[in-house]
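One structure is given here, and the rest of the page talks about it.
Below, read A as the first sequence line, B as the second, and so on, with proteins coming before strands; counting in each chain starts at 1. Quick caveat: nothing in here was measured; it's all calculated off a predicted structure.
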There are 4 protein chains.
Amino acid sequence: MTQARAPRADAVRNRKKILAAAGEQITAHGPEVGMDEIAAAAGVAVGTLYRHFPTKTDLVGAVVAGRVARVADDAEAALARVTAGARAADELTAFLGRVIEASVTDRAVKAAARTLGAEPGDHDDEDRGGAAVAAIVRAGQADGDIHPDVTVGDIYLLFSTAPTEQPPAARARWLALVTPGLTTRARQAES
Amino acid sequence: MTQARAPRADAVRNRKKILAAAGEQITAHGPEVGMDEIAAAAGVAVGTLYRHFPTKTDLVGAVVAGRVARVADDAEAALARVTAGARAADELTAFLGRVIEASVTDRAVKAAARTLGAEPGDHDDEDRGGAAVAAIVRAGQADGDIHPDVTVGDIYLLFSTAPTEQPPAARARWLALVTPGLTTRARQAES
Amino acid sequence: MTQARAPRADAVRNRKKILAAAGEQITAHGPEVGMDEIAAAAGVAVGTLYRHFPTKTDLVGAVVAGRVARVADDAEAALARVTAGARAADELTAFLGRVIEASVTDRAVKAAARTLGAEPGDHDDEDRGGAAVAAIVRAGQADGDIHPDVTVGDIYLLFSTAPTEQPPAARARWLALVTPGLTTRARQAES
Amino acid sequence: MTQARAPRADAVRNRKKILAAAGEQITAHGPEVGMDEIAAAAGVAVGTLYRHFPTKTDLVGAVVAGRVARVADDAEAALARVTAGARAADELTAFLGRVIEASVTDRAVKAAARTLGAEPGDHDDEDRGGAAVAAIVRAGQADGDIHPDVTVGDIYLLFSTAPTEQPPAARARWLALVTPGLTTRARQAES
DNA sequence: GATGAATGAGACTTCATTCAT
DNA sequence: AATGAATGAAGTCTCATTCAT
């Protein structure tokens with residue numbers, strides 16, 4: 001059973017260039033950038049872009065998928081720290097904060113977050129991220145720090161609604177407002 | 001200094017028709033409806049539409065302002081109930097819930113919410129709504145039910161991020177997750 | 001019941017210009033000319049073209065309909081001559097010949113002919129032309145010159161298959177080959 | 001003078017595969033199929049396809065030539081039957097009918113017919129078919145059944161214009177209309 | 001000689017906005 | 001003041017053909 005024939009080196013290079021360029025462009029100007037602009041930024045012709053991604057939706061999807069992977073990596077790193085002894089509730093909050101900050105400068109991450117919030121998650125990276133978050137949540141619940149009925153879905157739901165277009169102060173405030181819903185401690189006044 | 005010459009009666013009528021039609025269209029299909037469609041729904045020509053609103057942004061803005069007025073009315077009604085003896089914290093949560101449900105069927109309300117979250121609020125209706133919400137918050141704080149550092153801005157911030165595209169269950173869950181951030185009670189398990 | 005509001009003078013002018021230009025372009029280069037080219041030839045912007053004809057198909061259809069009208073006119077003129085005493089069989093053959101010659105320099109006429117051959121004919125001009133041809137055929141059958149079972153459909157069928165891409169000699173020969181199928185006389189040798 | 005170096009075995013194989021695939025695709029979807037689709041159907045890459053046929057036109061031409069060969073075969077078979085005693089006029093009509101029916105399910109045959117009608121015929125298969133048809137015609141003329149001035153070109157001319165896009169009834173009717181132009185008998189009414 | 005990725009002009013269509021009537 | 005036709009840039013996608021591997 002021969003494997004699907006190794007992709008050509010230059011095609012791989014181009015695919016990377018396209019994904020990188022698409023990421024940058026979408027990060028900077030949102031998903032409504034033209035395909036021509038993305039192609040130009042990638043240094044290829046539109047046709048090439050369409051060979052790799054038959055549809056704009058496909059391209060945006062691929063970019064978003066990439067961001068999901070990053071988020072998953074982040075979640076797994078957080079879980080590793082928890083396993084190593086860090087407090088789960090803190091790691092969860094910090095993770096949430098990082099994802100929000102990321103989506104501020106990267107509108108594709110926001111879309112990724114929305115995707116996570118919308119779908120049960122059947123792709124690899126989503127599963128990976130979901131599993132890590134779930135483990136963190138469970139750890140926090142075992143500690144008695146995270147409220148027993150909190151689920152991964154709740155976390156997704158929250159960061160799919162984070163105020164990424166707002167100024168830093170508002171984002172911090174939002175996180176502070178939302179955290180008590182996850183933890184068991186009564187809310188404390190901010191400084 | 002001559003005053004701005006009283007507007008012609010039919011011009012006034014047209015303005016109303018346009019706003020109403022724009023509201024319906026944007027409610028139904030989002031802000032991406034074409035200007036032609038709005039004009040047709042209003043029973044006027046595009047040119048007329050542009051005479052009243054030099055830009056699509058202006059028109060959408062006007063529609064949004066109308067929804068802000070509704071939200072303000074709702075807030076004032078809630079305040080009236082509080083004044084009449086209702087529990088402020090409950091009214092606040094219920095108000096938040098109503099605004100969210102409204103934005104589900106009315107995409108213009110969503111935009112209105114976003115506007116409120118984004119701007120300090122210098123227009124009449126925003127002030128009106130803001131004042132009512134502020135009064136409710138203060139009442140709840142006086143009762144000891146709402147956390148002392150909660151501000152009107154927090155409320156705006158929250159409903160500007162409500163998950164209006166999600167199914168009802170998710171919206172309810174979101175509200176439950178977010179409420180503890182406003183109140184002083186520790187979070188209780190859901191049924 | 002007010003009529004549908006008289007069309008604006010300039011719009012009428014443009015519609016004519018567009019139809020004329022589209023006719024020329026399609027005549028010259030076939031139906032695959034670009035909409036931009038047609039618009040340029042008409043001296044309008046593409047948008048204008050699309051306002052008048054929402055789809056390329058619509059435009060081509062309109063052009064073809066125009067050619068159908070011409071053919072119908074021709075048929076009626078022939079019928080008039082028959083009524084005035086001309087021999088029906090001769091007029092029929094001559095009419096067939098003229099339509100063929102027309103479709104040589106005008107690919108839109110060819111398409112029109114194909115349309116006629118394909119459809120039962122429910123539009124005005126098609127009916128008009130069909131009625132005239134039918135009358136000529138009947139006259140010829142009354143004279144005993146045209147075979148009794150010939151129908152209008154036969155005529156349409158024939159000129160929908162005329163060899164318009166062939167040199168003049170071939171076109172003439174084709175007509176000569178096809179005529180005996182319509183008439184009652186045994187075929188005569190050509191000069 | 002070095003001769004053109006014998007072609008590589010796999011190249012020959014590829015040429016055949018390409019022609020076969022192109023035939024199928026054009027038969028099925030008309031000449032507007034993409035080169036990529038043809039290449040895929042042939043199991044080769046586009047580049048290979050272009051090495052064998054520098055232009056789409058060339059490829060289509062080659063396919064068409066293949067269909068010409070089939071028609072020639074058919075004509076020779078008919079001639080054989082005539083030689084064996086069959087009535088030439090009948091064989092000619094039947095042959096015409098078969099070619100028409102073939103072009104209905106095979107759009108490449110139609111193109112082939114058009115080619116035959118258009119060109120004097122200088123390729124092998126065209127000559128072969130032309131010679132057979134000519135012999136049949138001559139036999140019919142000797143019988144007194146086929147009109148003396150009918151030529152091979154007439155036959156080509158006729159089937160280059162057959163209504164292959166029309167329903168079976170129309171095709172049959174067309175053949176009936178056209179036959180009297182070839183034969184010496186006066187036309188008879190259809191049943 | 002084969003592969004298949006890259007090219008890029010061009011196709012159709014949409015829509016916010018302007019302007020002659 | 002209203003009308004609605006005109007504008008034209010922009011958008012997504014296709015496809016015959018070229019060329020590096």
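- The separation between D:K17 atom NZ and E:dG1 atom P is 16 Å, rounded to whole Å.
- Summarising the geometry, the separation between CE on A:M35 and C1' on E:dG10 is reported as 17 Å, rounded to the nearest angstrom.
- Across all strands shown, F:dA1 remains unpaired; no Watson-Crick or G-U wobble contact has both distances below 3.5 Å.
- With distances taken from any side-chain atom of D:A45 to the nucleotides E:dT17, F:dT14, E:dT3, the minimum falls on E:dT3.
- If you check every strand for non-hydrogen atoms under 4.0 Å, A:G47 touches a base.
- Which of F:dC13, F:dG4, E:dC12 sits closest to the side chain of A:K56 comes down to F:dC13.
- Considering only the side chain of B:R51, F:dA1 comes nearest among F:dT17, F:dT14, F:dA1.
- Nucleotide F:dT14 holds its C1' atom 18 Å from the CZ atom of A:F53, rounded to whole Å.
- Rounded to whole angstrom, the span from the CZ atom of D:R13 across to the C1' atom of E:dG1 amounts to 12 Å.
- Of the listed nucleotides (F:dC13, E:dA2, E:dT17), E:dA2 has the atom at the smallest distance from the side chain of D:D10.
- Between C:R15 and A:T55, the residue anchored nearer the 5' end of DNA chain F, judged by the nucleotide with its closest heavy atom, is C:R15.
- Using a 4.5 Å cut-off on side-chain heavy atoms (C-beta onward), D:M35 and D:L59 make contact.
- When the options B:T27, B:V60, B:I26 are evaluated for a side-chain contact (heavy atoms from CB on, under 4.5 Å) with B:V33, the one that passes is B:I26.
- Between C:I18 and A:V33, the residue anchored nearer the 5' end of DNA chain F, judged by the nucleotide with its closest heavy atom, is C:I18.
- Counting to the nearest Å, the P atom of E:dC15 and the NE2 atom of B:H29 are 13 Å from each other.
- Listed here is the closest heavy atom pair of D:K17 and D:G43: NZ-O, 4.4 Å.
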Test log, rule salt bridge (charged side-chain N to carboxylate O under 4.0 Å, His left out), inputs B:E32 and B:R107: CA-CA 11 Å; B:E32 54 279 359; B:R107 305 173 67 165; 3.6 Å; yes

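- Nucleotide F:dA10 holds its P atom 21 Å from the CD atom of B:E32, rounded to whole Å.
- The two residues B:E24 and B:R67 have their closest heavy-atom pair at N-NH2, 4.5 Å.
- Sequence order on DNA chain E of the closest nucleotides to B:Y50 and D:H52 puts D:H52 first from the 5' end.
- In this structure, the nucleotide among F:dT12, F:dA5, F:dT17 sitting nearest to the side chain of D:D36 is F:dT17.
- With both pairing distances under 3.5 Å, E:dT17 is matched to F:dA6 as a Watson-Crick or G-U wobble pair.
- Mapping C:P31 and D:L49 onto DNA chain E by nearest heavy atom places D:L49 at the nucleotide closer to the 5' end.
- At a threshold of 4.0 angstrom between heavy atoms, the contacts of A:V46 include nucleobase atoms, whether or not backbone atoms are also involved.
- Scanning both residues, A:A21 and A:A41, for their nearest heavy atoms gives CB-C, 3.8 Å.
- If you check every strand for non-hydrogen atoms under 4.0 Å, B:N14 touches sugar and phosphate atoms only.
- OP1 or OP2 of F:dT3 lies within a sub-4.0 Å distance of a side-chain N or O belonging to B:T48.
- Distances from the side chain of B:V44 to the nucleotides F:dT3, F:dC13, F:dG8 place F:dT3 closest.
- Rounded to an integer number of Å, the gap from D:I38 CD1 to F:dC15 C1' is 12 Å.
- Within 4.0 Å (heavy atoms only), D:E37 reaches no atom of the nucleic acid at all.
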